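Everything below concerns the one structure shown next.
Just so we're on the same page: letters track the sequence lines, and every chain starts at 1. Not measured: the values here are computed from a predicted model.
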Amino acid sequence: MKAEALKGNDYRMTIKTRFAPSPTGYLHVGGARTALFSWLYARKHGGKFVLRIEDTDLERSTEESINAILEGMTWLGLEYDEGPFYQTHHFDRYNEIIDQLLGEGKAYRCNCSRERLDALREEQMKNKVKPRYDGHCRGKAISPDEPHVIRFLNPPTGTVVFDDMVRGNVAFNNEELDDLIIRRTDGSPTYNLTVVVDDADMGITHVIRGDDHINNTPRQINILRALGKDLPVYAHLPMILGDDGSRLSKRHGAVSVMEYHNQGVLPEALLNYLVRLGWSHGDQEIFSIDEMIELFDIKDVNKAASSFNTEKLLWLNQHYIKEDKPDRIAHLLSPHMGNRGIDPATGPDLVEVARVQQERAKTLVEMAEISEFFYKDYDAFDENAAKKNLRPVAKEPLLKIKEALQALDDWSPERLKQAVDDVAESLDLKMGKVAQPLRVAVSGRAATPGIDETLFLVGKEATLRRIDMALAYIEAREQQ
RNA sequence: GCUCCCUUCGUCUAGUGGUCCAGGACGCUGCCCUCUCAAGGCGGUAACACGGGUUCGAACCCCGUAGGGAGCGCCA
């Protein structure tokens, strides 16, 4: 008996959040952060997280976009416990609710023409008042057989008040609202109705969404009340702006989550970056997923919008690349090598390459670029590097080191380091005078990992061949 | 235009009346380390939007102003 009661109580208390994107584009960073916060809230409280696709706009919704959103969620690891649900599958239910409201006199038919509505709006704007429907069709007997929309009869007076988890107490006057359309002429339901019905049906306890929806909240609350449903708790998250403070758009560079994936950003880096946008926990910057779940509290979310800063994202990305296990980095790096036409199986162990490059790249794309020479001869020397280091004075050190390396049968980093040291000493040169020309010779570039690791991974045969290429380059220069 | 909201270094933020001539992080920058590039270590640069109050005392409370944002669809 007691256990039974407890169980019932627990059920009601189970927290459920949702992410409800409309599939009209890719998953962008703003949506991803909204999803992250919703997900964190559910995870932190042992609740459920549901994914609902709001595809009632048949004109703009696409299959491609649905897949892009699903792909983005998966990549970020924001796994959902229920769904994906599709609103287009719930039309019968929405109609049932709309008919119920109609029957109860809480909604009515309206046959105002678009022309009348447009004229009304224009008139109101001209008179400097907020444009809203004037209730022209309220109480009019309009036949279901003639073309019409259905409007929700919004309470004409009073105030809608709710306690937002991030905004605090929010109040709207019903006078500011109007009788919104809940069913279009073509019979399809509209957003404010479908959201309310689904949230109630799915048992969503906490509606966490972007604050561009805050103005919809009082309308939704009024519909919920008309339906006699419990209200969820609301949390309206601030927007993410571009680095110039304006609304995030394509001209700010990448906004799609998968674009970051393509650029070689690690999901944990993006997540860490996103969680710190509008939220903080003292001075802490680095958060593992588990720490986020443990420490995240929606009450610590800021009210003000924040600007997206790619530099900081890249810093975090480098941090995670550096900290991660070389074999995972190698695994993630492999496709990027493939994009450059390189099959990692044809050269040194990619795990070893990842290990030596880990702290030298901000993205996996960059790491692939600076690692290409381990797998294939460079097409040309980096111009500045060659100009500076492959000069006639470098000839003797290169010849000497070539000789020393040729004689080496233990091609280990230790012996390679020793060989370079020995040559430098024998010529009475600083190590850099030998190592740097050698570096440019074997890699074609000015910067690589330590010379010992570099030579080791490039291998004896390629090293000797490339030293000859460098010597030929120097000689060609001398001819000029 | 109307309604609502927001405002600490360039950026992300800490800060909830005295411990703040404002702390951390990214960026930029100086030095150290060093075979290059990174990474790392130690420094530096830089902010309470403005104007009035309230108070012994204000980044923190109140009021204006300015700037920014969101919404005002048979889009979501």
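In this structure B:rU34 sits in no base pair that meets the Watson-Crick or G-U test at under 3.5 Å. Base pairing of B:rG43 is made with B:rU29, judged by Watson-Crick or G-U wobble geometry with both donor-acceptor distances under 3.5 Å. Pairing for B:rC60 is absent, with no Watson-Crick or G-U wobble pair whose two atom distances lie under 3.5 Å. Partner assigned to B:rC2 is B:rG71, using Watson-Crick or G-U wobble distances below 3.5 angstrom. The base-pairing partner of B:rU65, taking Watson-Crick or G-U wobble contacts with both distances under 3.5 Å, is B:rA49.
Within the nucleic acid shown, A:R60 comes within 4.0 Å of at least one base atom, counting heavy atoms only. Residue contacts shown for A:Q124 are absent, as no nucleic acid heavy atom lies under 4.0 Å away. Note on A:T56: only backbone sugar-phosphate atoms sit closer than 4.0 angstrom, heavy atoms only; bases stay farther off. Here A:P449 lies in heavy-atom contact (under 4.0 Å) with a base. Residue A:A446 is classed as a base contact, given a heavy-atom separation below 4.0 Å to a base. Here A:L277 lies in heavy-atom contact (under 4.0 Å) with sugar-phosphate atoms only. As judged by a 4.0 angstrom heavy-atom cut-off over every strand, A:G278 is placed among residues touching the sugar-phosphate backbone only. At a threshold of 4.0 angstrom between heavy atoms, the contacts of A:E285 include nucleobase atoms, whether or not backbone atoms are also involved. Among the atoms of the strands shown, base atoms are found under 4.0 Å from some heavy atom of A:T448.
Nearest nucleotide to the side chain of A:D212, out of B:rG1, B:rC37, B:rG71: B:rG71. Set against B:rC35, B:rA70, B:rC6, the side chain of A:N215 has B:rA70 as its closest nucleotide. Distances from the side chain of A:R360 to the nucleotides B:rC74, B:rC35, B:rU36 place B:rU36 closest. Listed candidates were B:rA76, B:rC74, B:rG24. Nearest to the side chain of A:N192 is B:rA76. When distances run from any side-chain atom of A:S280 to the nucleotides B:rC37, B:rC2, B:rU13, the shortest one goes to B:rU13. Of the candidates B:rA76, B:rC5, B:rA39, the closest approach to any side-chain atom of A:K322 belongs to B:rA39.
Side-chain atoms of A:R132 and base atoms of B:rC72 include no donor and acceptor less than 3.5 Å apart. A donor-acceptor contact under 3.5 angstrom links the side-chain atoms of A:T185 to the base of B:rC74. Residue-to-nucleotide contacts include no donor-acceptor pair under 3.5 Å from the side chain of A:E359 to the base of B:rG40. Applying the 3.5 Å distance criterion, the base of B:rG23 shares a donor-acceptor pair with the side chain of A:D283.
Contact annotation: A:S306 side-chain N/O to B:rU13 OP1/OP2 distance is under 4.0 Å. Dashed line: the shortest gap from a side-chain N or O of A:S307 to OP1 or OP2 of B:rC12 is under 4.0 Å. The phosphate of B:rC37 has neither OP1 nor OP2 within less than 4.0 Å of any side-chain N or O from A:R439.
For A:Y234 and A:F162, the distance between ring centers is under 6.0 angstrom. A:F37 has its ring centre no less than 6.0 Å from the ring centre of A:H206. For an aromatic pair to be called close, the ring centres must be under 6.0 Å apart, and A:F381 with A:Y473 satisfies this.
Here the separation of B:rG24 from B:rC37, taken at their C1' atoms, is 28 Å to the nearest Å. Rounded to a whole angstrom, the distance from the C1' atom of B:rA70 to that of B:rC32 is 50 Å. When the C1' atom is used for both B:rC56 and B:rC63, the distance is 22 Å, rounded to whole Å. On the P atoms, B:rU8 is 15 Å away from B:rG69, given to the nearest whole Å.
Here the P atom of nucleotide B:rA39 and the CD atom of A:Q358 are 14 Å apart, to the nearest Å. For the pair A:L316 CG and B:rU13 P, the interatomic distance rounds to 13 Å; values are reported in whole Å. One interatomic measurement links the two molecules: CG of A:N302 to P of B:rG69, which rounds to 18 Å at whole-angstrom precision. Atom CD1 of A:I181 is separated from atom P of B:rA76 by 11 Å (rounded to the nearest Å). In this structure, CG of A:N169 is placed 14 Å from P of B:rC4, rounded to the nearest angstrom. To the nearest angstrom, C1' of B:rC35 lies 5 Å from CE of A:M431. We find that CD1 of A:I69 is positioned 14 Å from P of B:rA76, with the value rounded to whole Å. Summarising the geometry, the separation between CE on A:M239 and P on B:rC12 is reported as 15 Å, rounded to the nearest angstrom.
Remark: A:M431 CE to A:I451 CD1 distance equals 7.5 Å, nearest 0.5 Å. Annotation: the span from A:D428 atom CG to A:K433 atom NZ amounts to 12.5 Å, rounded to 0.5 Å. Rounding to the nearest 0.5 Å gives a distance of 12.5 Å between CG of A:L438 and NZ of A:K402. Interatomic distance, A:T363 OG1 to A:L266 CG, rounded to the nearest 0.5 Å: 10.0 Å.
Along RNA chain B, the nucleotide closest to A:D57 and the one closest to A:K303 are compared, and the more 5′ of them pairs with A:K303. Mapping A:V129 and A:L58 onto RNA chain B via the closest heavy atom, the residue that lands nearer the 5' end is A:V129.
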Please list each protein N or O that sits under 3.5 Å from an N or O in nucleotides 26-32 of chain B, with the distance.
residue: B:rC26; atom: O2'; partner: A:K312; partner atom: N; Å: 3.3

Evaluate the criterion side chain to side chain contact (heavy atoms under 4.5 Å, CB included) for residue pair A:L177 and A:R132; output intermediate values, then yes/no.
CA-CA 7 Å; A:L177 276 26; A:R132 44 198 280 276; over 6 Å; no
Where do A:T185 and A:R114 land on the side chain to side chain donor-acceptor pair (under 3.5 Å) test, with the steps shown first?
CA-CA 11 Å; A:T185 306; A:R114 290 181 201 249; 5.1 Å; no
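Each of A:Y273, A:Y320, A:W279 was evaluated against A:F287; a single residue qualifies, A:W279, per the ring pair (Phe, Tyr, Trp, His ring centres under 6.0 Å) test.
Residues A:V257 and A:A32 come closest through the heavy atom pair CG2-CB, 3.6 Å.
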